[in-house]
Asker: 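To start, I am sharing the structure in question, which I have written as structure tokens.
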Amino acid sequence: MGQPNGKFIAVDTNGQKVWEFPSGKEHIGGFYAAPVFAGDRVIFAASDSTDPSGRRARVYSVTAATGGEAKVLKETQGMIVGTPLLYGDTLYVTSADKHVYALDPVTGEERWPAFTADGAIWGSVVADGDRLFFGTMNHSVYAISARDGQQLWRVSVNGAVLGTPAVGGGRVYVGDVDSKLYALDAATGAEVWRFAGAKNWIWGQPALVGDLLYVPSLDGNVYVLDAATGAEHEEWRVKTNGAVRAGPTLAGDTLYIASEDQSLYAVNVTSHKLAWAPYKATGKLLTSPVVAGDTVYVVAANGTAFSVDARTGSGRQLYPEPK
Amino acid sequence: MGEIFNLLLLRPVLNVLLFLYSVLGHNYALAIVVLTVLLRLITQPFMASQLKTSKKMADLQPLLKEVEKKYSGDKERIAQEQMKLYREHGINPMGGCLPMLLQFPIWIALYQSIIQTLGHTPLNLLSLSKHIYSGGIFQRLGLPLLIPLSSAFLGIDLGLPGGIIIAALVGLTMWIQQKMMTPPTEGASDSPQAAFGQSMSLFMPVMFAMFTVNLPAGLGVYFIVSNLIGIVMQGFTTGWEGLTSLLPKRPSLAAPAQPAAAQEKRTKSGRSKKKR
């Protein structure tokens, strides 16, 4: 995980730091995207600390076990905010420099010439079959071919798209800064319905669970919509006391929601009730939780990591070791 | 405290900036210029008192000098007499500081507004989402739809540090403004007050210029425009003597039209400047 001091670190399940990259006094800048595992390597993006504007970025690949054998897979002229997507044998990287890069995850070689969109891309691409979907800051949603990067369609929405769309059942679900959520036909981009009930921007990736769509909003709510019609199940709305910037994470029948109110919420998607009282962390939770076995991991904006028992909701500060 | 600041200053400044951007052809620099004029108009009552105080202080310098001469060596008496003079002339020596202090929260609000509206990090945008007016009567304005704002102006990214050129312009305009606020006064150049005033008129611009190097260029634009407005206001309030004294003199052309006393004053003033 990235740290505010410009180090990318690996910690074990006991919270002990195993390695850091780069070692010594060097540092590599800000981290906005989550890491990705590719075989025995871990791939992550960081801002270029030598760039005074802080906008250039690099995609690194290091050995997961040691943090060694570092390789720069790609340098971009814009920040990388969206988590790279490893889909098939290709790594798809989006950048605020308006490009989608399709890379060989081992060598960094481009599979096809970078696709140029009409605006900065802050979210990730999401894949469905041989199609990739993403939104831009220039109020557009794109579908491109995963095989050759050719544009399939582009549609305009009201506001800038900051996050990653969700895809399923032949539809693409995408939110914008106009606080709207749009359901688009995945084949054509035609609008099927839109939800206008949120009171603030929709940034995090919606979670499609069966026939329901869980839509996080910076207004502090996670809205539960009928994926077919966009009708809200208001009685199931999850209310938190801070912005929900990141998309919820589904594991089993539980949806884990990180909120800026420093709390981690667990919602049973069958009963629509909280599985346990929200776990209180120390620090704003702005990234999606990660679930491994019976443990939920979440990292606060200040770089502090927490592990929470998925069954009981009891948790502890994992890293750094509490004083 | 922070929430009060956000409610009363940051949000209004930020949203007015966005509104101006939307109605001024999406020109961020122009929006800052117009916002600066508006902020100057709002703070005008305070600024006017500062300008008047600086004028009175300058006029009082000869009398203060006389007091220093008269009670030379008796610092306590000098202080007492000078305070008496200030009272008699209705001057609060610290009165000039208040308008400056009042401007600080506005600068901070504008700084944060620029950082957030041109924000290029996720945290900047997250902050913006909390402060942008979007609901109720503001819905029609559609301010969130302006995102992302265009920050380019004459090849400069107003959201990034402006560098040396912007900083130099900030320093220069502030120096001129400071010079106009403390015009050279006959016989006062050797007094501690005058010396302090002169060193401040150099120290402040240099400090601000250094400060601006690493700030977003948009804030530098605000400082420059604000200083230019200040120069004009100072000129109309206390006269243009301070500004003209900075220009190269051509005594052979001006001398025949000047009264003898004024000519003598100008010559002495020129000598004083040489000493400095």
Side-chain angles (χ1 to χ4, degrees), chain A residues 4 29-33 47 51-57 78-82 96-98 118-123 136-139 156-163 175-180 196 198-204 217-220 242-246 260 284-287 301-302, chain B residues 2-3 6 11 14-15 18 21-22 26 114-152 155-167 212-218 220:
Chain A
F31 304 90
Y32 303 116
S47 297
D51 176 22
S53 73
R55 294 188 178 181
R56 285 203 304 260
M79 287 185 311
I80 298 174
V81 183
D97 68 8
K98 305 182 182 181
D118 63 356
I121 309 168
W122 273 34
T136 74
M137 292 282 266
N138 200 40
H139 309 196
S156 292
V157 292
N158 283 5
V161 178
L162 301 179
D176 72 359
V177 302
D178 192 33
S179 311
K180 306 283 192 301
K199 303 285 187 296
N200 208 328
W201 307 353
I202 295 170
W203 191 336
S217 168
L218 298 189
D219 67 11
V244 184
R245 197 221 61 85
E260 195 191 18
K284 296 173 180 178
L285 303 181
L286 304 176
T287 55
N302 59 13
Chain B
E3 195 46 44
N6 289 341
R11 281 177 203 153
L14 185 149
N15 285 280
L18 284 176
Y21 173 83
S22 73
H26 291 196
I114 291 170
I115 293 286
Q116 289 181 18
T117 51
L118 296 184
H120 62 275
T121 70
L123 286 176
N124 293 151
L125 268 191
L126 189 61
S127 295
L128 179 61
S129 75
K130 296 177 195 314
H131 299 131
I132 199 165
Y133 295 152
S134 55
I137 57 169
F138 298 104
Q139 200 162 7
R140 281 187 189 173
L141 296 176
L143 297 181
L145 305 185
L146 298 170
I147 297 166
L149 278 68
S150 169
S151 56
I156 299 170
D157 189 328
L158 297 168
L160 293 178
I164 301 295
I165 295 173
I166 296 276
T212 311
V213 169
N214 294 316
L215 290 178

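This is a predicted model, so every value here is computed, not measured. We name chains A, B, ... by the order of the sequence lines, and we start the count at 1 in each one. These numbers come from the heavy atoms of this one structure, side chains and all, not from hydrogens, waters or symmetry mates.
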Asker: Measure N214(B) against the heavy atoms of chain A and call it side chain, backbone, both or neither at under 4.5 Å.
Answerer: neither
Asker: Report yes if some heavy atom in the side chain of R55(A) is under 4.5 Å from a heavy atom in the side chain of L160(B); otherwise report no.
Answerer: yes
Asker: What are the two closest heavy atoms between P148(B) and M137(A), and how far apart are they?
Answerer: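 So the minimum-distance heavy-atom pair works out to CD-O, 2.9 Å.
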Asker: So which heavy atom on L123(B) is nearest to which on L286(A), and how close?
Answerer: CD2-CD1, 3.6 Å
Asker: Give the minimum heavy-atom separation between L126(B) and A243(A), together with the two atoms involved.
Answerer: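 Shortest heavy-atom contact: CD1-CB, 4.4 Å.
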Asker: Which answer fits I132(B), side chain, backbone, both or neither, if we ask what part of it has an atom under 4.5 Å from a heavy atom of chain A?
Answerer: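 Contact with chain A: side chain only.
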Asker: Report which part of N158(A) has an atom under 4.5 Å of a heavy atom belonging to chain B: side chain, backbone, both, or neither.
Answerer: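 Both parts, heavy atoms under 4.5 Å.
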Asker: I need the residue from R245(A), K284(A), H139(A) with the largest number of non-hydrogen atom pairs under 4.5 Å to chain B.
Answerer: H139(A)
Asker: Taking all non-hydrogen atoms of both residues, which atom of L218(A) and which atom of S129(B) are closest, and how far apart?
Answerer: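 For L218(A) versus S129(B), the nearest heavy atoms are CD1-OG, 3.3 Å.
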Asker: Give me the atom names and distance for the closest heavy-atom approach of L125(B) to W201(A).
Answerer: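 Looking at all heavy atoms of both residues, the closest pair is O-CZ3, 3.4 Å.
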Asker: Give me the atom names and distance for the closest heavy-atom approach of V81(A) to P122(B).
Answerer: CG1-CG, 3.9 Å
Asker: Which one wins on heavy-atom pair count under 4.5 Å against chain B: S179(A), A160(A), A301(A), G78(A)?
Answerer: A160(A)
